[in-house]
Amino acid sequence: MSDKFRIDSHKLIYHPERVADWQTNHENWEKAKLIYPIYVEISPFGACNHRCTFCAVDYIGYKNIALDPEILKTRLKEMAKLGVKSVMFAGEGEPTLYKALPEVLDVCSKAGIDTSLTTNMVPFNSKNIDSFLRNCSWIKTSINAGTAKTYSEIHRTREKDFDLVLENFRLAVKTRKEKGYNCTLGGQMILLPDNVDEAVTLGKELKNIGIDYLVIKPYSQHMYSETRKYENIDYKKMIEVENELKPLNGDGFSLVFRSQTIQNLFEEGKYERCQSTPFFWGYIMTDGSVYGCSAYLGDDRFTYGNINDSTFQEIWESEKRKENMKFVQNELDLKNCRDNCRMNAVNQYLWELKNPSKHVNFI
């Protein structure tokens with residue numbers, strides 16, 4: 001099975017109690033306000049060392065700001081008690097530039113929150129890598145080319161960063177083996193006209209290094225992004241690369257070609273309403289603002305409060321979230337949402353639960 005981590009699907013099926021709570025109470029605010037997210041993405045640091053040509057959050061501006069470590073640690077311990085099960089550190093900037101990240105990850109582990117990193121891996125070094133591998137369930141690295149030249153053009157950085165990332169992959173694999181850590185190591189490549197010819201080259205390189213998987217996924221245009229370079233990509237002309245990549249599967253390595261996500265671009269929407277917002281996930285910006293959807297960062301209709309001013313419980317049970325719940329349920333036009341948003345597969349699943357087809361009792 002090349003997608004054993006269900007990267008091209010969803011994992012809400014493993015949380016039936018939370019789903020049942022949503023089914024029963026999602027239209028009753030007094031009960032719905034107590035449905036806390038399973039997963040939260042946190043942007044601890046706003047600046048980034050790269051300027052990728054496809055960056056969805058370029059409109060935010062890569063601000064050189066950071067979350068207050070003590071406030072963040074306090075909120076994370078609170079979030080664990082309220083039912084948050086996982087946190088991905090990623091966001092508007094490069095999360096591993098956040099100096100307090102190792103100690104924040106320790107707090108999450110002690111509190112019982114599973115953690116992960118989405119990173120460009122350039123800031124990894126012998127001093128911070130142990131903390132990352134010891135604490136994180138998985139680390140996924142954005143590496144969008146198979147050669148240094150193309151990498152530098154897409155990431156808009158130095159060519160030597162490509163070699164540095166490969167060296168850091170080797171260091172991560174070596175450290176994991178020596179210390180017996182269980183962190184899953186993966187790479188991710190946004191499939192673009194610029195790099196499609198290097199997908200196989202990259203896959204072979206990463207397999208030889210010994211990481212666990214490489215994800216190949218389509219670009220999705222963010223409605224607020226300044227960049228529009230790739231908004232009209234024709235993936236029908238590029239999907240054949242999947243067949244060239246399949247032979248790489250095996251020997252502990254998975255090539256996850258997100259064919260279902262690409263297919264979704266060609267099909268009509270399978271659901272009429274967003275069901276996941278504002279229930280199953282959340283996003284905390286580098287300025288502390290809490291949002292119900294990462295596609296609407298900066299849109300006041302989707303922000304509930306700020307962790308610098310209020311507890312997470314106060315924010316999640318606030319009138320702002322109540323207003324957003326009503327807006328999403330009654331007014332949000334999905335045509336204004338991002339194609340293949342992070343909760344796309346979750347929304348399809350929840351829509352079917354709420355709007356079952358015929359004969360569902362014939363299991």
Side-chain angles (χ1 to χ4, degrees), residues 18 33-49 57 60 62-121 123-140 172 175 179 181-184 278 280-294 297 303-318 320-321:
R18 200 79 59 104
K33 70 181 182 181
L34 302 177
I35 302 174
Y36 277 84
I38 295 170
Y39 157 82
V40 175
E41 180 176 341
I42 296 179
S43 175
F45 195 69
C48 189
N49 52 325
V57 292
I60 295 175
Y62 312 106
K63 299 172 184 174
N64 190 22
I65 58 174
L67 285 170
D68 183 297
E70 297 310 312
I71 291 176
L72 178 57
K73 286 185 279 188
T74 298
R75 297 290 178 261
L76 284 165
K77 287 184 278 190
E78 178 200 0
M79 288 159 62
K81 292 178 181 178
L82 292 169
V84 172
K85 294 182 177 293
S86 67
V87 166
M88 178 176 75
F89 291 95
E92 302 125 61
E94 168 52 44
T96 59
L97 292 174
Y98 184 55
K99 293 181 179 180
L101 185 58
E103 60 189 81
V104 169
L105 290 171
D106 284 339
V107 167
C108 288
S109 294
K110 290 178 183 177
I113 292 178
D114 293 337
T115 56
S116 62
L117 286 176
T118 295
T119 172
N120 60 41
M121 215 180 207
F124 276 47
N125 56 55
S126 58
K127 294 181 180 179
N128 59 28
I129 199 168
D130 188 84
S131 170
F132 298 161
L133 293 170
R134 172 166 40 84
N135 286 297
C136 290
S137 298
W138 54 264
I139 296 171
K140 184 161 57 183
T175 303
K179 297 292 185 70
Y181 296 144
N182 293 316
C183 179
T184 300
F280 294 101
W281 72 315
Y283 185 104
I284 300 178
M285 290 188 71
T286 314
D287 67 1
S289 299
V290 177
Y291 282 78
C293 177
S294 64
L297 302 180
T303 183
Y304 311 147
N306 193 296
I307 63 169
N308 294 308
D309 307 320
S310 308
T311 66
F312 193 79
Q313 182 173 6
E314 290 170 339
I315 293 168
W316 203 252
E317 298 181 19
S318 67
K320 286 281 288 180
R321 179 166 167 258

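The first residue of the sequence shown is numbered 1, and numbering continues consecutively from there.
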Once rounded to the nearest 0.5 Å, what's the spacing between atom [atom1] of [X] and atom [atom2] of [Y]?
| X | Y | atom1 | atom2 | answer |
| --- | --- | --- | --- | --- |
| L297 | E92 | CG | CD | 6.0 Å |
| D130 | N125 | CG | CG | 11.5 Å |
| D114 | S86 | CG | OG | 6.5 Å |
| I307 | D68 | CD1 | CG | 8.5 Å |
| I35 | L82 | CD1 | CG | 13.5 Å |
| T96 | F124 | OG1 | CZ | 5.5 Å |

* Going through the checks in order, is the side-chain contact (heavy atoms from CB on, under 4.5 Å) test met by N49 and Y62? -> CA-CA 9 Å; N49 52 325; Y62 312 106; over 6 Å; no

* Report the C-alpha distance between Y283 and M88 in whole Å, list the side-chain angles of each, state the deciding distance to 0.1 Å, and finish with yes or no for side-chain contact (heavy atoms from CB on, under 4.5 Å). => CA-CA 9 Å; Y283 185 104; M88 178 176 75; over 6 Å; no

Please name the pair of heavy atoms, one in [X] and one in [Y], separated by the smallest distance, quoted to 0.1 Å.
| X | Y | value |
| --- | --- | --- |
| L105 | N135 | O-OD1, 3.5 Å |
| P44 | A90 | CD-O, 3.7 Å |
| P37 | G282 | CB-N, 4.1 Å |
| G91 | V57 | O-CG2, 4.3 Å |
| K99 | P102 | O-CD, 3.5 Å |
| W281 | C293 | CZ2-CA, 3.7 Å |

Kindly say whether [Y] contributes a backbone atom to a donor-acceptor pair with the side chain of [X] at under 3.5 angstrom?
| X | Y | answer |
| --- | --- | --- |
| N128 | P123 | yes |
| W138 | C183 | no |
| R75 | N308 | no |
| T286 | S43 | yes |

* **side-chain contact (heavy atoms from CB on, under 4.5 Å) between D287 and K63, worked out** => CA-CA 10 Å; D287 67 1; K63 299 172 184 174; over 6 Å; no

[X] side chain near [Y] side chain, heavy-atom distance below 4.5 Å:
| X | Y | value |
| --- | --- | --- |
| F89 | C136 | no |
| F45 | L101 | no |
| E41 | T118 | no |
| Q313 | Y36 | yes |
| F132 | T119 | no |
| L72 | I42 | yes |

* Asked: Around K33, counting heavy atoms of other residues, nucleotides and ligands shown, do more than 12 lie under 6.0 Å from its NZ?
  ->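 For K33, atom NZ is crowded (more than 12 foreign heavy atoms under 6.0 Å).
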
* Asked: Would you call K73 and E70 a salt bridge, using N to O less than 4.0 angstrom?
  ->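 Judged by the 4.0 Å cut-off on N to carboxylate O distance, K73 and E70 do form a salt bridge.
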
* Stepwise side-chain contact (heavy atoms from CB on, under 4.5 Å) test for K179 and L133 -> CA-CA 9 Å; K179 297 292 185 70; L133 293 170; over 6 Å; no

* Out of N182, T175, D106, which one pairs with R134 under the side-chain hydrogen bond (donor to acceptor under 3.5 Å, both in side chains) rule? ->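 Considering N182, T175, D106, a side-chain hydrogen bond (donor to acceptor under 3.5 Å, both in side chains) with R134 is found only for D106.
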
* Using the test side-chain contact (heavy atoms from CB on, under 4.5 Å), find all partners of S318 that sit at least two apart in sequence or belong to another chain. =>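 By the side-chain contact (heavy atoms from CB on, under 4.5 Å) rule, S318 matches Y304, K320, R321.
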
